[in-house]
Amino acid sequence: MSLPRLVSATSTLTPLMLLALLASPRSAEACGGTFCDNLPDPMPVDQRGEDILFVMDGSTVEVHVRIQYEGDAERFAWVLPLQGVPEVAVGSDPLFTAMSNAAAPTWTTVTEYDCEEDSPWGGEDGGGLSPQFDLGGDPGPPEVVFEEVVGAFEVVVLQGGTAEEVVDFLDANNYAQDPDAEPILQEYLDEGFLFAAVKLAAGAAVDEIHPLTFKFPGDEPCVPIRLTRIAAQDDMGIRAYFLAQDRWAPSNYKHVVLNPLAYDWQQSGPGSYLELLSMAADEAGGQGFVTEYAGPSGVVSDVSIYRPSWDETAFIGVDPIAALDIIGSQNLNIHPLIQSLLLEFIPPPEGVDAVNFWNNIEDFADQIDLMAWDDAAFAAALVERIIDPGLHAVDLLETWPKLTRLNTTMSPSEMTVDPTFHANADLPDLTNTTITTTEQVLCGGDQLYHVDVDGEDMPVCVPGGASYPGWEGMPHVLRIEQIPEMGPPQIETDNSAAIGAAFASYQTGVECLADEGGTGDGDTAGDGEGGSEPGDDAGDDGTSTGAGYELPYDVSCGCSTRRGTAPVGVALGLLVLGLIGPWRRRD
């Protein structure tokens, strides 16, 4: 279903409306050359990464790729192996941002104080977010089977030839490429792949870079990671999204369930999560994905993806001053690509700050470059780069009920096999993206981090002034699984016993004490005199939420937001609770 485009009444553009977006332009440098999660507390990737969305519709694969680049425009080039001749179009940058906002994980701690004097809020609970085709015979030279300018890019698709001939073509047509790519290109050619070569069109700037979509015949989503390894750095992030009827999973890579005990809850934040993810992927042989979200696609907000008020016809026959007014009235100023269009069609005078120029354009009326302004061309570019991609993105969200987000990190030495994926209708939803651990501050300052591991509350003792444990022998992976096309995951590695042993070993060497001098309720931690032992049912104030497989396939992402949550009596909990001692009061 396509949304109607409505004409809205023009109103005066207040400077702050435009400034809200233009003062913070989308920049290739904003995340150090990586793709960002665009969250208030994002989960960034240290080096370059890939954001890819797959949509499988029968025998057709639609791939959306968000591109980010740091460097000279003329040096930008990108080569993508494809299974067939594609249809190529501009993609929606806000779609990736909205999916990230909805599906990116947030690992947080909530702090509770047993004694009022320990709390910086005077006794009030405080907390914070820390958180294949056989070509056969002599292929002949590469044939250009597609050539088109798509948005800010020149795109050609090559079929056949040898790797040397492909490289020669790229060189002759000013596509920057790496000499180390040749043997990898030959691998893909031998497997029958085509290549899409992308570069910025003449005159296009780096800040005009936008996502691209490729739609072609195919039966299996695949990330061409072998070619990526040439320029990749260690622990490069790869996030794969899927819009479909069912949840998706890796086919030839492992599925990894993270161990929340190995997360540094004391330093809770992006760096801690990235380290956990990277270490977990390494423990899966460097080729494993974590499911961070699998659930309704309706959680993705389309407010910034498309607005019915966007109407290109309103710009026909107007001058640049009126055009800026219309941009504000149509709320186009929320779109990350509007600035690149303004730089092209309403460029600031030399030496004048762009934001200041656009927000006060009447003051510069005699300096406007009227030769750059073309109302019809601006309207056409608006449709191609903003309106149509937004409409298509919203249509995808309305058509496909399920969104899956898989995440991993990889180093070049691990990029030897292209990951492929499949649907499994039997897998349950995993919709809890906010993973919460309660930091219980005992009277006197010792801390207990109540970490939920598969529904089991495991209180980690951290004496006052100490750091969260480094965990000798603690795995970063709870389970490594292989997910079939039907049925539950097949567990290949279950680290429950090793996790329990590492936890118990640490707990026997530390002691968390509650100071009797406090003015708290006095019943939080005890030695059998009214307090609760680890594992005891704490009563009505304990809550636990989660979603996952029925035991023994429990991959709960549940969180315990209050201390004393009643544990699920699984083997891991029995092992741990039999070995740790209770915390006690100070004498």
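From a predicted model like this one, the values you see are computed outputs, not experimental measurements.
- For the pair D374 (side chain) and A377 (backbone), a donor-acceptor distance under 3.5 Å is present.
- For E275, the CD atom counts as loosely surrounded, since its 6.0 Å shell holds 12 or fewer non-hydrogen atoms of other residues, nucleotides or ligands.
- Residues H476 and Y263 place their aromatic rings such that the two centres sit no closer than 6.0 Å.
- At least one donor-acceptor pair closer than 3.5 Å links the side chain of D264 to the backbone N or O of Q267.
- Although no hydrogens or angles enter the test, the distance criterion places a donor-acceptor pair under 3.5 Å between the side chain of N495 and the main chain of V477.
- Using bins of under 30°, 30° to 60° and over 60° for the plane-to-plane angle, the ring pair F242/W248 lands in the parallel bin.
- Using modelled atom types, one finds a donor on one side chain and an acceptor on the other under 3.5 Å when comparing E62 with H392.
- Side-chain contact between D207 and L343: present, with at least one pair of heavy atoms (C-beta onward) separated by less than 4.5 Å.
- A heavy-atom distance below 4.5 Å is found between the side chains of V155 and F146.
- Residues T213 and V63 are not in side-chain contact: their nearest non-hydrogen atoms beyond the backbone lie 4.5 Å or more apart.
- The only option from L95, D388, L391 that meets the side-chain contact (heavy atoms from CB on, under 4.5 Å) definition with Y306 turns out to be L391.
- Taking each heavy atom of N424 and G487 in turn, the nearest pair found is ND2-O, 3.0 Å.
- Using modelled atom types, one side-chain atom of S297 and one backbone atom of W400 make a donor-acceptor pair closer than 3.5 Å.
- In this structure, the side chain of E154 does not engage the main chain of V149 through any donor-acceptor pair within 3.5 Å.
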**Report entry** Verdict with supporting geometry, T409 and I238, side-chain contact (heavy atoms from CB on, under 4.5 Å)
**Finding:** CA-CA 6 Å; T409 68; I238 304 169; over 6 Å; no

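- Applying the side-chain contact (heavy atoms from CB on, under 4.5 Å) criterion to E87, with sequence neighbours excluded, gives K215.
- Side chain of R66 to backbone of I52: no donor-acceptor contact under 3.5 angstrom is found.
- Shown here for A323 and W373, the closest heavy-atom pair between the two residues is CB-CH2, 3.6 Å.
- To the nearest 0.5 Å, atoms CZ (F153) and CD (E148) are separated by 14.0 Å.
- To the nearest 0.5 Å, atoms OH (Y273) and OG1 (T106) are separated by 9.5 Å.
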Between D494 and R479, does the salt bridge (Lys or Arg N to Asp or Glu O under 4.0 Å) criterion hold? Intermediate values first, please. CA-CA 5 Å; D494 186 342; R479 280 187 301 277; 5.4 Å; no

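- Checking H422 against S251 by side-chain atom types alone, a donor-acceptor pair falls below 3.5 Å.
- Between L427 and D246 there is no side-chain heavy-atom pair separated by less than 4.5 Å.
- Inter-residue side-chain proximity for S304 and H335 is flagged as unmet; no heavy-atom pair is nearer than 4.5 Å.
- Here the CG atom belonging to L258 is positioned 12.5 Å from the CE atom belonging to M279, to the nearest 0.5 angstrom.
- Considering all non-hydrogen atoms of both residues, A281 and G288 come closest at CB-O, 4.4 Å.
- Side chain of D235 to backbone of M410: no donor-acceptor contact under 3.5 angstrom is found.
- Judged by distance alone, the side chain of E398 and the main-chain N or O of D395 form no donor-acceptor pair under 3.5 Å.
- A donor-acceptor contact shorter than 3.5 Å is absent between the side chain of E312 and the backbone of V383.
- Here OG of S278 is found 11.5 Å from CD of E283. Values are rounded to the nearest 0.5 Å.
- Counting only heavy atoms from C-beta outward, the side chains of L53 and V55 approach each other to under 4.5 Å.
- A donor and an acceptor atom, one from each side chain of N252 and T420, are located under 3.5 Å apart.
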Practice problem: Step by step, work out the side-chain contact (heavy atoms from CB on, under 4.5 Å) result for D51 and Y241. | Solution: CA-CA 8 Å; D51 275 306; Y241 295 89; 3.9 Å; yes

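- Side chain to side chain, N407 and E292 meet the donor-acceptor criterion of an N or O pair below 3.5 Å.
- Closest approach of F193 and L189 over heavy atoms only: O-CD2, 4.0 Å.
- Taking 4.5 Å as the limit, every side-chain heavy atom of L80 sits out of range of all side-chain heavy atoms of V198.
- In this structure, the separation between NE2 on H210 and CD on E384 is 6.5 Å, given to the nearest 0.5 Å.
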From CA spacing to verdict: side-chain contact (heavy atoms from CB on, under 4.5 Å), D426, R247:
CA-CA 8 Å; D426 297 326; R247 177 176 160 184; over 6 Å; no

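- To the nearest 0.5 angstrom, F195 atom CZ is 8.5 Å from L158 atom CG.
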- request: Evaluate the side-chain contact (heavy atoms from CB on, under 4.5 Å) criterion for residues T97 and I305: first the C-alpha distance (whole Å), next the side-chain angles of each, then the deciding distance (0.1 Å), finally the verdict.
  value: CA-CA 9 Å; T97 301; I305 297 174; over 6 Å; no

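- Looking at Q287 and T416, their side chains do bring a donor and an acceptor atom within 3.5 Å of each other.
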Run the numbers on K254 and E492 for salt bridge (Lys or Arg N to Asp or Glu O under 4.0 Å), then give the verdict. CA-CA 9 Å; K254 306 298 183 183; E492 295 190 354; 2.7 Å; yes

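- Ring centers of F421 and F289: under 6.0 Å apart, within the cut-off.
- Shortest non-hydrogen contact noted between I225 and V417 is CG2-O, 3.2 Å.
- The residue from N432, T431, L406, L430 that alone fulfils the side-chain contact (heavy atoms from CB on, under 4.5 Å) condition with Y293 is T431.
- In this structure the side chain of W358 reaches within 4.5 angstrom of the side chain of Q339, judged on heavy atoms.
- Nearest heavy atom pair, residue P347 against residue A372, reads CD-CB, 3.6 Å.
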